[in-house]
**Student:** 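Sharing a structure with you now.
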Amino acid sequence: MVREAVARRLIEPEVAEELRTPALGGGEEPPTGVTSTQPAVSNARLALLMFLAAEVMFFAGLIGAFIVFRLASPAWPPPFQPRLPVGVTAINTVILLLSGLTMRLALMAARRGKPTRLVQWLSITALLGTVFLGIQGYEWLRLIGFGLTLSSGVYGATFYTLIGCHAVHVFGAAVWLIAVLLQARRGRFSERSYAGVQLCAMYWTFVVGLWPVLYGLVYLS
Amino acid sequence: MSEAATAHDAHAHHVELGFWRTYVFSTDHKMIGRQFLFLGLFMLIIGGLLAMMMRWQLAWPETEIPLMSWVPEPYMYGGILPPQTYNAFFTMHATIMIFFVVMPIMVGCFGNFLIPLMIGTRDMAFPKLNLLSFWVGAVSGVVMLSSFFVPGGPAASGWTAYAPLSAQAAFTGVEWGQHLWIISLIILGISSLMGSINYITTIVNMRAPGMTYFRMPLTIWSLFITAILLLLALPVLTTALAMLLFDRMFGTSFFLSQGGGEPLLWQHLFWFFGHPEVYVLVLPAMGVTSDILSTFSRKPIFGYHAMAFSMISIAFLSFTVWGHHMFISGMNPLLGTAFMMSTMVIAIPSAIKTFNWLGTLWGGSIRFTSPMLFALGFVSNFLIGGLSGIFMASTPVDIFIHDTYYIVAHFHYVVAGIIFALFAAVYYWFPKMFGRMMNEPLGKIHFVLTYIFFNCAFFPMHFLGVGGHMRRIYNPMQYEFLQPLQGINVFITVSAFLLGLSQIPFLVNFIGSLFAKKRAEKNPWQANTLEWTAASPPPHGNFDAVPVVYRGAYEYSSPEVKEDWLPQDRQLATTSTAARLH
Amino acid sequence: MMSWLPENVSTFGGEIDYLFYVIYYITGAAFILVTVLMILFLILYRQREGRRATYTHGSTALEITWTVIPAIVFVGLSFASVSSWGKIKSHPPPPDVQLQVTAKQFNWEILYPGPDGKFGTEDDLQAENDIYVPVNKVVHVILKSKDVIHSFFLPHLRVKQDSVPGRDILVWFQAVKPGKYELPCAELCGFGHSGMRGWLHVHTPEEYAKWVEESWPRK
Ligand SMILES: [Cu+2]
Ligand SMILES: [Cu+2]
């Protein structure tokens with residue numbers, strides 16, 4: 001009967017077992033069948049969106065705390081505290097924003113089914129991300145050398161937690177990116193199935209998009 | 001017959017999963033639901049026993065608690081509770097009850113068990129994530145309980161962990177207990193994040209054909225909104241906890257004024273999470289109650305859309321009211337006024353829900369089964385808890401009752417009152433979960449005793465609060481103005497013990513029914529929702545064939561059919577019917 | 001229930017009690033209404049042979065009614081609360097007597113400014129746990145904390161205010177009846193929280209003059 005046919009096609013238990021769902025991979029061709037039950041956003045993308053919403057709230061908490069301290073403090077940075085490296089970090093910001101651009105290009109390459117381009121752009125993105133982390137790490141070492149530590153008041157504490165949390169996220173995103181890159185080199189993606197690239201790109205965009213906000217708040221305000 | 005046989009064949013390979021993958025590391029949403037239930041019931045016993053010891057101390061201060069003389073010093077002195085341990089006990093009582101009883105059972109157990117069954121799908125969107133969510137939650141529970149055994153004892157700064165008391169070990173004398181408390185809740189946050197992502201994705205993407213949003217049972221609506229609240233509120237708690245841990249371990253001073261920190265920031269962050277958390281606890285109870293009231297009144301839920309929209313508006317508003325916990329904290333008085341206004345507004349949807357429950361009873365054909373009695377008990381308690389909340393919403397009145405037993409009475413009527421919805425849900429879905437019916441007479445005895453002693457234990461706390469009795473004090477007899485109130489304290493304690501003993505019929509019933517011979521039928525309550533179309537208990541994969549939904553969940557006593565229920569997946573001969581309803 | 005309220009001995013305490021009573025009667029009425037209806041429905045509409053439940057999905061008119069009526073009540077309560085709140089928290093009358101209270105684990109440290117009315121001068125007087133104030137005078141208390149959050153609670157005067165480290169918070173009251181009133185700490189502040197308690201001594205003008213005389217003997 002119709003019901004059984006619908007059931008068999010749509011949701012086999014084994015499919016759920018493997019975290020695969022009918023519409024995984026967003027832009028793929030729409031599977032035939034009952035269109036009304038086809039999700040507009042695939043499970044994996046929806047889940048990642050939810051995760052990013054939670055991440056936004058997590059950073060909102062930190063940013064809220066930062067703003068409270070910033071507004072309550074008469075001088076910022078407080079006296080006898082080192083200044084932050086605004087210039088170097090500006091260059092670093094550009095580097096990270098560029099990596100956001102190259103990630104979009106990688107995604108476009110994936111969508112058009114150009115595996116070599118995809119590998120190239122992913123490699124450049126990973127490189128830019130690593131450079132960003134490297135410069136951040138170097139500047140941190142210098143700041144610690146100048147005596148800015150977690151325990152030097154809320155100035156140091158908010159700086160290291162906020163920027164540190166972001167750095168951890170960039171690191172995580174870079175690890176994911178490299179995993180996707182390795183898969184791309186093995187030719188795992190095609191123009192019909194590139195959900196892995198798409199998800200990674202979403203996360204990368206989040207991490208990149210968050211940075212200018214933090215840079216503006218922490219370095220420039 | 002033949003249908004059942006083919007279904008059995010189709011799922012035969014699941015039976016061979018073996019002990020570990022069936023009972024321990026299962027990816028079946030129903031097994032994970034049961035695991036959450038057992039975790040929650042185990043923690044309920046611990047949290048309850050802590051409460052009993054505190055009640056003893058409050059009624060007969062600094063006397064020996066029976067059977068407790070084995071506890072070594074300095075945690076107890078020959079069975080006598082010292083103030084430090086008392087503080088640790090109320091901290092752990094609240095933490096356990098909120099995070100390890102109500103959340104695992106209402107959200108973890110019933111969310112997992114019911115969402116796929118009620119929306120008509122075979123499992124969660126991410127079964128492995130689901131498995132992980134339970135075990136991460138279990139690890140969090142183990143970390144929390146392990147804090148009882150570290151030097152200095154468990155956290156003793158209240159479940160609200162107000163900084164700076166919680167931010168420096170010197171203030172409470174608790175070093176690792178508080179560390180572990182923080183770490184455990186951060187881990188729990190990860191578990192609940194995985195859970196809520198799973199719930200939302202499943203509900204949005206995996207509803208059975210025909211199951212539109214406004215055909216979903218209110219239980220599913222409530223769990224959906226709860227998951228969204230958890231998703232958005234818990235990360236803020238994680239932020240605050242991380243900062244607190246940094247203050248304690250790495251010398252930062254986010255919440256310490258000496259280092260330029262701001263103690264009130266903790267309260268803002270905590271309550272920004274804390275108030276949505278209250279609705280995380282109570283919304284599933286409301287959803288479950290709505291479904292059970294409708295089923296046993298044999299009547300559609302009154303004002304389905306009003307019920308759904310009131311829950312949605314509660315969710316939005318719950319992020320705007322956190323400051324009502326801080327009226328006397330030293331926060332700007334103008335902010336106090338603003339938070340009073342938003343709090344008054346959030347009371348409206350709760351009022352709407354209560355009246356709609358009444359409307360559901362009106363004109364019904366009410367069957368007084370155990371689940372129905374407990375659901376009615378929840379409504380009655382929520383009524384009292386909701387009304388007593390209006391007192392503290394009014395800023396001037398809150399000056400007097402803040403941090404008194406009035407508040408304790410209020411939140412026990414709301415949060416401990418959830419236990420009634422919890423029992424209602426257990427009695428109602430037990431046949432679906434375990435394939436057996438629970439014993440009705442025992443269930444009724446359990447209800448009557450629990451209802452009476454719950455009210456005897458918690459209602460007089462209002463009197464204490466009006467009398468000015470502070471909460472979280474170890475010995476009320478130290479205060480002259482509280483001495484005339486001591487009789488009430490004794491009465492509460494005796495009632496609390498009896499409330500504890502009243503749970504014995506439940507335990508007997510629960511365990512006895514697990515091993516009962518007689519099997520439950522598919523749809524013992526003649527209910528409409530999809531879970532009752534699956535076998536009791538449903539096999540791995542739930543349904544023989546994924547159901548197709550033709551109508552809302554509440555078509556009881558519909559004129560369309562002779563019997564007084566009309567399952568969501570029954571196709572009527574006249575196709576126009578389906579179009580007309582909803 | 002309300003008979004358990006401690007006697008009120010402050011000027012604004014009456015307003016708080018009045019609001020307390022108003023809400024008590026409103027919520028009491030709502031409680032009785034809902035409970036009576038519920039019991040009535042449970043009896044009237046219990047299952048009986050041959051009767052089928054009424055098939056209805058709700059009523060928009062009723063929904064609107066029970067949305068609007070609570071809304072009006074809640075808005076009314078908010079407005080009733082705003083003026084007292086402002087009076088108590090935002091617009092303290094000018095002080096007759098000033099003192100500083102610093103909370104610490106687990107005591108109240110009281111600092112009197114002495115005859116010159118200034119803190120930090122030589123004639124300051126420091127005491128622990130006992131506050132002496134004259135009756136019918138406006139008292140300003142500058143509330144501080146040395147360690148953690150405490151709460152300055154005078155149940156008979158309907159005063160409660162958290163003391164927060166790093167902040168000076170102004171609390172005021174005007175006692176209308178001489179006597180000795182308890183001053184417990186109302187916010188958990190550590191293992192000694194229970195029992196952290198002081199006394200407020202409200203003196204008649206004569207008693208107060210005598211106390212001033214003893215505390216700052218004329219040279
Ligand atoms: Cu709240
Ligand atoms: Cu205290």
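Chain naming here is simple, since letters A, B, ... match the order of the sequence lines and numbering starts at 1 in each.
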**Student:** Test side-chain hydrogen bond (donor to acceptor under 3.5 Å, both in side chains) on C/Asp162 and C/Ser151; report intermediate values, then the result.
**Tutor:** CA-CA 4 Å; C/Asp162 286 2; C/Ser151 195; 2.8 Å; yes
**Student:** If I measure from the heavy atoms of chain B, does C/Arg167 come under 4.5 Å with its side chain, its backbone, both, or neither?
**Tutor:**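 Side chain only.
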**Student:** Distance only, no hydrogens: is a donor on one side chain within 3.5 Å (strictly under) of an acceptor on the other, for B/Glu62 and B/Gln57?
**Tutor:**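 No, no side-chain donor-acceptor contact under 3.5 Å.
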**Student:** For chain B, find its close neighbours in residues 174-188 of chain C: heavy-atom separation under 4.5 Å, sorted by number, or none.
**Tutor:**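 Answer by number: C/Glu182, C/Pro184, C/Cys185, C/Ala186, C/Glu187, C/Leu188.
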**Student:** Heavy-atom distances under 4.5 Å only: say whether B/Asp403 touches chain C with side chain, backbone, both or neither.
**Tutor:**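 Both parts, heavy atoms under 4.5 Å.
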**Student:** Considering only heavy atoms, which portion of B/Met470 lies under 4.5 Å from any heavy atom of chain C: side chain, backbone, both, or neither?
**Tutor:**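 Side chain of B/Met470 only, per the 4.5 Å heavy-atom cut-off to chain C.
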**Student:** Given salt bridge (charged side-chain N to carboxylate O under 4.0 Å, His left out), test C/Asp130 with C/Arg197 step by step and report yes or no.
**Tutor:** CA-CA 9 Å; C/Asp130 284 284; C/Arg197 187 243 330 236; over 6 Å; no
**Student:** Is the number of heavy atoms from other residues, nucleotides or ligands within 6.0 Å of CZ (C/Phe191) greater than 12?
**Tutor:**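 Incorrect, the count does not exceed 12.
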**Student:** Using non-hydrogen atoms only, which part of B/Phe327 is less than 4.5 Å away from chain C: side chain, backbone, both, or neither?
**Tutor:**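 Backbone plus side chain of B/Phe327, per the 4.5 Å heavy-atom cut-off to chain C.
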**Student:** Does any heavy atom of chain C fall under 4.5 Å from the side chain of B/Asn356, the backbone, both, or neither of them?
**Tutor:**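 For B/Asn356, heavy atoms of backbone and side chain both lie under 4.5 Å from chain C.
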**Student:** Rounded to the nearest 0.5 Å, how far apart are CD of C/Glu15 and OG of C/Ser84?
**Tutor:**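 One gets 4.0 Å once the value is rounded to the nearest 0.5 Å.
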**Student:** Against chain B, label C/Phe153 side chain, backbone, both or neither, depending on which of its atoms sit under 4.5 Å from a heavy atom there.
**Tutor:**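 When you check distances to chain B, only side chain atoms of C/Phe153 fall under 4.5 Å.
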**Student:** Once salt bridge (charged side-chain N to carboxylate O under 4.0 Å, His left out) is applied, what residue pairs with a partner in residues 148-157 of chain C remain, sequence neighbours excluded?
**Tutor:**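 Checked against salt bridge (charged side-chain N to carboxylate O under 4.0 Å, His left out) - neighbours excluded - no pair reaches residues 148-157 of chain C.
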**Student:** Is it the side chain or the backbone of B/Phe400 that comes within 4.5 Å of chain C heavy atoms, both, or neither?
**Tutor:**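 Both parts, backbone and side chain.
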**Student:** Measure C/Leu19 against the heavy atoms of chain B and call it side chain, backbone, both or neither at under 4.5 Å.
**Tutor:**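 Both parts, backbone and side chain.
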**Student:** Quick one: of B/Gly363, B/Ser297, B/Ser257, who has the most non-hydrogen atom pairs under 4.5 Å with chain C?
**Tutor:**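 Winner by heavy-atom pair count: B/Gly363.
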**Student:** At a heavy-atom distance under 4.5 Å, which candidate from C/Ile88, C/Asp147, C/Leu37, C/Val82 has the highest pair count against chain B?
**Tutor:**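 Ranked by contacts with chain B, first place is C/Asp147.
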**Student:** Counting only heavy atoms not in C/Phe119, do more than 12 sit closer than 6.0 Å to its CZ atom?
**Tutor:**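 Buried by this count: over 12 neighbours within 6.0 Å.
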**Student:** Go through C/Arg158, C/Glu63, C/Arg51 and name the one with the most non-hydrogen pairs under 4.5 angstrom from chain B.
**Tutor:**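 Maximum pair count with chain B is reached by C/Glu63.
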**Student:** Look at atom CH2 of B/Trp159 and say whether more than 12 heavy atoms of other residues, nucleotides or ligands are closer to it than 6.0 Å.
**Tutor:**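 Yes.
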**Student:** Sort C/Val159 into side chain, backbone, both or neither according to what part of it lies under 4.5 angstrom from a heavy atom of chain B.
**Tutor:**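 Backbone only.
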**Student:** Can you tell me which portion of B/Ala347 sits under 4.5 Å from chain C's heavy atoms? Options are side chain, backbone, both or neither.
**Tutor:**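 The answer is both parts of B/Ala347.
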**Student:** Between C/Val34, C/Ile169, C/Asp17, which has the largest tally of heavy atom pairs under 4.5 Å with chain B?
**Tutor:**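 When all of C/Val34, C/Ile169, C/Asp17 are compared, C/Val34 has the most.
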**Student:** Which bit of B/Ala88 is near chain C, if near means a heavy-atom gap under 4.5 Å: side chain, backbone, both or neither?
**Tutor:**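 For B/Ala88, no heavy atom lies under 4.5 Å from chain C.
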**Student:** Checking heavy atoms, do the side chain of B/Gln168, its backbone, both or neither come under 4.5 Å from chain C?
**Tutor:**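 For B/Gln168, neither part sits under 4.5 Å from chain C.
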**Student:** Relative to chain B, which segment of C/Val164 carries a heavy atom at a distance below 4.5 Å: side chain, backbone, both, or neither?
**Tutor:**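 Side chain of C/Val164 only, per the 4.5 Å heavy-atom cut-off to chain B.
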**Student:** Name the member of C/Lys89, C/Gln105, C/His156 that forms the most heavy-atom pairs with chain B at distances under 4.5 Å.
**Tutor:**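 Top option by heavy-atom pairs under 4.5 Å: C/Gln105.
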**Student:** Under a 4.5 Å cutoff for heavy-atom pairs, which residue among C/Gly28, C/Gly58, C/Ala53 has the most contacts with chain B?
**Tutor:**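 Greatest number of close heavy-atom pairs with chain B: C/Ala53.
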**Student:** With a 4.5 angstrom heavy-atom cut-off, could you sort out which part of B/Ile401 is near chain C: side chain, backbone, both or neither?
**Tutor:**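 Both backbone and side chain of B/Ile401 come within 4.5 Å of chain C.
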**Student:** Step through it carefully: locate the ring centre of B/Tyr406, locate the ring centre of C/Trp4, and say whether they are under 6.0 Å apart.
**Tutor:**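 Distance test on ring centres: not under 6.0 Å, no.
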**Student:** At a heavy-atom separation under 4.5 Å, does B/Leu383 approach chain C through its side chain, its backbone, both, or neither?
**Tutor:**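 The side chain, not the backbone.
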**Student:** Between C/Pro70, C/Ala71, C/Ser3, C/Pro6, which shows the greatest number of heavy-atom pairs under 4.5 Å with chain B?
**Tutor:**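 The candidate making the most pairs under 4.5 Å is C/Pro6.
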**Student:** Is B/Phe255 in contact with chain C via its backbone, its side chain, both, or neither, using a 4.5 Å heavy-atom distance?
**Tutor:**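 Looking at B/Phe255, nothing touches chain C.
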**Student:** Give, as side chain, backbone, both or neither, the part of B/Val379 having an atom under 4.5 angstrom from any heavy atom of chain C.
**Tutor:**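 Contact with chain C: side chain only.
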**Student:** Does the ring center of B/Tyr413 lie less than 6.0 Å from the ring center of B/His410?
**Tutor:**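 For B/Tyr413 and B/His410, the ring centres are not under 6.0 Å apart.
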**Student:** Report which part of C/Ile69 has an atom under 4.5 Å of a heavy atom belonging to chain B: side chain, backbone, both, or neither.
**Tutor:**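 Interface part for C/Ile69: neither.
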